[in-house]
Amino acid sequence: MKREPTQLPDARPSTTIRVMILLALIIALGVGIRIWAAAQWSGNFDSDEAIFGLMARHINEGELPVYYYGQHYMGSVEAFLAAGMIKLFGSGVFPLRLGSVLLFGIFLLLHAKLVRKLWGNRAAIISLLVLAIPGWWILNWTYRPVVNYGTLLLLGTLTLLFTQTHSKIQKVWSWKLLALGFTCGLGIWTHPMFTFYLVPIGIVFILGSPEWEYLSAKLGNRRHAVRWFILPGAMCLIVLALFSNGWEPTKLFQPLKLLSFTLLAVTTAAFALLFWRVSHRRSDLLRSAMFLAMGFILGNFPQWGGWLLGGIRPGVLSNPSTPGGIITNLGLLTQQMYPSLWGLPPLVRLSGFNPAIDALWQRPFWQLVLWGLASNLITWAVVVYHWKGRKSTSSMITLSPLQKEDQSSLLLILLFAFPLLACLFSGNTDSIWSVRYLIITWQAGSIMLALFLTRLYDRSKQIAWIGVLVCVLLPGLYNTLDIRSRWRAFPLYDAQVVEQLENYLSQKDIRGGYADYWFVYALDYLTEERFNLTPYNGIARVPSYENTTDTTSIQAFILNQMVSEKTVSDTACTLEELARGLTKASWANRDVVNRVEKASLQERKMVGNWYVWLTEKKR
């Protein structure tokens, strides 16, 4: 791959050493910020993360979970890593997070190597700064094992390194093909979003291959028909196959969805056969495919092995979506998710959040100016990169052969765009929290911003450093300081408070109970499962806890003070009022509410940060 003209690195040994030291310092800074965030666990722990802790504890007891509890996607690789950390450093929230911090540190190292190889030293330094000091909405997903993002970014970047190392498939050694296949298999098991790496790599490989050059020449003028008819048809099939599960009437769209999948599979198979027939390197392709397949089978063993041996069929990540949701999703993307991706305030007020991380328009004038400048610079950097890469984009749209010098450009554009397009069509895009689905866009965007500031550096060093300050350092540091005060202001899981609750439940001989989803598994983990608490709303992810609670005669209903004030008044002493309050809660389980209405109240008491109702089943 050719580097960008302005990114040629200085080959002098002294310069190389200085660059490596600077990159190492930035990686240390990124890891240090996440270690600091991990240590603030009393203010930023929740049930989604606690599930990984429970899985890790169960792994140390001999269990081998394939997926995150309660779903059949998102593999358990970080739970296994957390199990090792807990065994080494003891059971707690901080040891639970150490594995994820380690994975993110390795990702930063691989990212620096990738960008330095393809785009040069300056781009590597600046893009690494963007990743090391993120805004709060991204930091929130990169220091703890919530959704395997450390593993996703690491494996995705490793795959990019493998595929960008050699331009000719004949030069790739067998062990590297095995390693690439293993990485891909592990990545698919780890998180479905790994496909956002594989699809761009596949598109670039096909368009840059000699087989595609031959087919394109054979098509000649008929390529325009492909451009205007076949390609749009394929796009429609992809949308129908992947994003039509929420359309009505169901009886019409379910068969249409199946038909779309079938047509896509047949088309892909036909193209693969055609690609094979015109190729002059069949033996090399066959050999490479065999090693890739062997590596993939090994890396993906937990997924296919769990299905074949344990009957655990893989599930899907996507929620039902409809065409009408595109407009709503576009508003969320432009007004909330995209600004937050860069550490900038959303354009609209977010109810229930700290004003310090809330809407842009409530800020003081000087902040408004700084955030506006950062937003414009970042937007301009992305626009300029897409404009400079228009040749590679045009090659993809017109299905023309892709030149070597355009391959890295198209790859970066696709890595940036695919998660955005998926969020636009997907039913998963429901709030600003959906910014987590853009984490690969964030990685690709950091390189685009770095290349823009690097070109700026060639013209004016002073202006370039101002750009780095405004677009990278200022948002990252401001967000870090702001969230520090937020976490410390509300230490929900302070050790003494949890101990008070634990002692109270022990004295009352409580073995099962209910709490809000976002707190319940955190309490299960922190009390080391001495009590089997299960959620009264949301997803019951551990069936054994639910069974224990159902069979106990005396049950506890534990409401955090903040939640309780929204649902049940402080003076509420009757189960009828508790039942009405639970009904107001989101995703309330009607069966649980019915049990409350049929039980008798033993005691109601505030313990630490928690309101606790003790109920007894009527015989």
Side-chain angles (χ1 to χ4, degrees), residues 45-48 50-51 53-54 57 69-70 490 492-619:
F45 192 46
D46 62 39
S47 279
D48 273 353
I51 290 294
L54 294 171
R57 189 175 289 149
Y69 285 164
F490 192 62
L492 180 61
Y493 299 107
D494 181 81
Q496 292 181 348
V497 174
V498 174
E499 187 178 2
Q500 288 178 33
L501 179 63
E502 188 175 356
N503 290 339
Y504 173 75
L505 295 177
S506 296
Q507 290 169 7
K508 299 296 181 179
D509 197 27
I510 303 299
R511 291 291 172 263
Y514 297 94
D516 183 88
Y517 174 83
W518 292 109
F519 309 121
V520 65
Y521 293 121
L523 291 174
D524 282 320
Y525 181 75
L526 291 172
T527 59
E528 298 190 358
E529 300 178 88
R530 293 186 180 92
F531 318 101
N532 287 171
L533 304 176
T534 195
Y536 63 76
N537 57 358
I539 302 172
R541 296 190 179 275
V542 187
S544 61
Y545 295 177
E546 194 172 20
N547 295 335
T548 300
T549 300
D550 286 344
T551 55
T552 56
S553 58
I554 299 178
Q555 300 171 338
F557 282 83
I558 304 170
L559 273 69
N560 171 257
Q561 185 177 358
M562 178 178 65
V563 174
S564 183
E565 289 170 353
K566 293 180 179 179
T567 57
V568 184
S569 66
D570 293 347
T571 58
C573 291
T574 65
L575 289 180
E576 290 77 8
E577 188 163 353
L578 173 62
R580 285 196 296 272
L582 294 178
T583 304
K584 295 177 186 176
S586 59
W587 309 324
N589 186 329
R590 187 61 208 173
D591 290 339
V592 175
V593 176
N594 290 338
R595 291 191 192 105
V596 172
E597 293 172 343
K598 296 175 182 178
S600 61
L601 179 62
Q602 278 201 344
E603 182 175 326
R604 175 190 178 276
K605 187 175 182 180
M606 185 172 181
V607 183
N609 292 328
W610 314 91
Y611 288 104
V612 183
W613 280 261
L614 299 184
T615 67
E616 185 175 7
K617 292 180 180 179
K618 290 182 179 178
R619 299 184 184 277

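For the 3.5 Å distance criterion, the side chains of Asn537 and Tyr514 fail to qualify, holding no donor opposite an acceptor.
Rounding to the nearest 0.5 Å gives a distance of 8.0 Å between OH of Tyr69 and CD1 of Ile51. In this structure, CG in Leu523 is found 5.5 Å from OH in Tyr493, a value given to the nearest 0.5 Å. A distance of 8.0 Å separates CZ in Arg595 from CZ in Phe557, rounded to the nearest 0.5 Å.
With Leu533 as the partner, the side-chain contact (heavy atoms from CB on, under 4.5 Å) test is satisfied by one option alone out of Val520, Thr527, Ile510: Val520. Among Leu559, Asp46, Leu492, the single residue meeting the side-chain contact (heavy atoms from CB on, under 4.5 Å) criterion with Phe519 is Leu492. Each of Thr552, Asp550, Asp524, Thr548 was evaluated against Asn532; a single residue qualifies, Thr548, per the side chain to side chain donor-acceptor pair (under 3.5 Å) test.
Tyr504 pairs by the ring pair (Phe, Tyr, Trp, His ring centres under 6.0 Å) definition with nothing, not counting sequence neighbours. Contacts of Glu597 classified as side-chain contact (heavy atoms from CB on, under 4.5 Å), with partners at least two apart in sequence or in another chain: Ala579, Arg590, Val593, Asn594.
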I'd like to know whether Val612 forms a side-chain contact (heavy atoms from CB on, under 4.5 Å) with Leu501, so could you lay out the CA-CA distance, the side-chain angles of the two residues, the decisive distance to 0.1 Å, and finally the verdict.
CA-CA 9 Å; Val612 183; Leu501 179 63; 3.8 Å; yes

Determine whether Glu603 and Lys508 satisfy the following criterion, side-chain contact (heavy atoms from CB on, under 4.5 Å), listing intermediate values before the conclusion.
CA-CA 10 Å; Glu603 182 175 326; Lys508 299 296 181 179; 3.1 Å; yes

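Side-chain contact between Arg57 and Tyr525 is present, with heavy atoms from C-beta onward closer than 4.5 Å. Contact of the Trp518 side chain with the Asp48 side chain is registered, since non-hydrogen atoms from C-beta on lie closer than 4.5 Å. Looking only at side-chain heavy atoms (C-beta outward), Tyr545 and Leu54 come within less than 4.5 Å of each other.
Residues Ala540 and Pro535 approach most closely at CA-CG, 3.9 Å, considering heavy atoms. For the residue pair Leu614 and Ala556, the shortest heavy atom distance occurs at CD2-CB, 3.9 Å. The nearest pair of heavy atoms linking Ser47 to Tyr517 is OG-O, 2.5 Å. The two residues Gly608 and Val497 come nearest to each other via the heavy atoms CA-CG1, 4.0 Å. The two atoms that bring Arg530 and Arg511 nearest to each other are O-CD, 4.3 Å, heavy atoms only.
Between Trp613 and Tyr611, the ring-plane angle classifies as tilted under the 30° and 60° cut-offs.
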